There are 2 protein chains.
Amino acid sequence: MCQGCFNAPVQNSDAMALTAALLAAAGGLTQRIHEGVVARGFEGVRPAHGFAFARLAPDGATVTDLAVHLGVTKQAASQLVDELVGKGYVERRPHPADARARLVVLTEAGRACTQAAEEAAAEAVGSWADVLGEDGVRVLADGLLRVAPGGPIRPAW
Amino acid sequence: MCQGCFNAPVQNSDAMALTAALLAAAGGLTQRIHEGVVARGFEGVRPAHGFAFARLAPDGATVTDLAVHLGVTKQAASQLVDELVGKGYVERRPHPADARARLVVLTEAGRACTQAAEEAAAEAVGSWADVLGEDGVRVLADGLLRVAPGGPIRPAW
DNA sequence: GACTTATGGTCAAGTAGCTTGACTACCTCT
DNA sequence: AGAGGTAGTCAAGCTACTTGACCATAAGTC
């Protein structure tokens, strides 16, 4: 097992370089998506909002669901929802099955913003395909999904 | 419902999935490295410090260099250096060629911590090799370096 | 050499996004 | 019914960052 955890590890400096490259790629992509969203006319949104949208997209979610998805406390998630309500991107509805809970759903503006984010993401990733080729991007994405299946979305430092 | 009826935003959701996977991988790796560093007995350090160490490692650097490298203001970088000085990991020396500047260099403890971080990083990446194989990791790293050559290290949201 | 502008660094104050703690309303299990 | 767990919010506090002001030195111009 563990073919080379200790005996033939990847060079240390390689490991650090990989980490830096991962952060750079993730950060750069996030930034470009954000810029694309802003360029499409949605202001006052942060990248974190986009990841919230992704969780809310299909059928809405509760504040607690959001908190788990984003890796923050439910208080923080609730504040984020407050902010999005204020900007008109989401609204709180009574939960159909639990009177304690409230279902947070996207408004029409929220759906539009979500679509803008998806377009911007596709555009940014598309520019990667110019460098790596379609297959290269697929290999990259596949590898990442295998090493970080359900990892924390939120940057941890 | 006909799940093929959407007008082909499949590419879009792929792009979002890739972004999420990148963030998850970067965040997870960073977190594991940090845990490894703490496990080796270095407390009171944050992941950001590790990236500062990486910049300081060869011959030291100025506060402004650090700020650029980390993607923060020089005030923030200066505060980070204050913190590291307080913990004994770095020290400020007069700059040999510029009386305005000060050269921030690693202390012995700082070098030990840097090495611990490299070990932890190699260990974390090694566990990826168990999943992807050594070649898989190499392909991943290579691809990332090509799409994000000098991207921002700091998570931008 | 004197003058002007740019650069390295710090001090001080303010801020955004998060945390912990305390609380209410409601659900669930026995 | 009662006990304990869960969803959500309010309030206060913290931390890592920011902007703005400032000084000392360097570099360019005359």
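Below, chains carry the letters A, B, ... as their sequence lines are ordered, and counting in each starts from 1. Here the structure is a predicted model, which means the values were calculated and not measured.
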- Note on the structure: Per side chain to side chain contact (heavy atoms under 4.5 Å, CB included), Leu56(B) is matched among Leu66(B), Val81(B), Val105(B) by Leu66(B)

- Item | Between P of dA16(C) and CG of Leu80(A), the distance in whole Å | 15 Å

- Query: Ala76(A) has a side chain; which of dG9(C), dC17(D), dC18(C) sits nearest to it?
  - Reply: dC18(C)

- In residues 90-107 of chain A, which ones come under 4.0 Å of DNA chain D, going by heavy atoms? Arg92(A), Arg100(A), Ala101(A), Arg102(A)

- Query: Do Glu83(B) and Gln79(B) come close enough that some side-chain heavy atom pair is under 4.5 Å?
  - Reply: no

- Length of the line joining Phe51(B):CZ and dA16(D):P, which is rounded to integer Å: 16 Å

- Kindly assign one of parallel, tilted or perpendicular to the pair Phe42(B) and Tyr89(B), based on the angle between their ring planes and the thresholds 30° and 60°. tilted

- Looking at every strand, decide which applies to Thr73(B) at a 4.0 Å heavy-atom threshold: base, sugar-phosphate, or nothing. base

- Atom NZ of Lys74(B) and atom C1' of dT19(D) are separated, to the nearest Å, by 13 Å

- Note on the structure: Rounded to whole Å, the CG-C1' distance (Leu66(A) to dC18(C)) equals 15 Å

- Item | Length of the CZ-P vector between Arg46(B) and dC18(C), whole Å | 16 Å

Anything under 3.5 Å between a protein N or O and an N or O of nucleotides 10-13 of chain D, put it in a table, one pair a line.
none

- All heavy atoms of Arg40(B) vs all of Ala120(B), minimum pair found to be NH1-CB, 3.8 Å

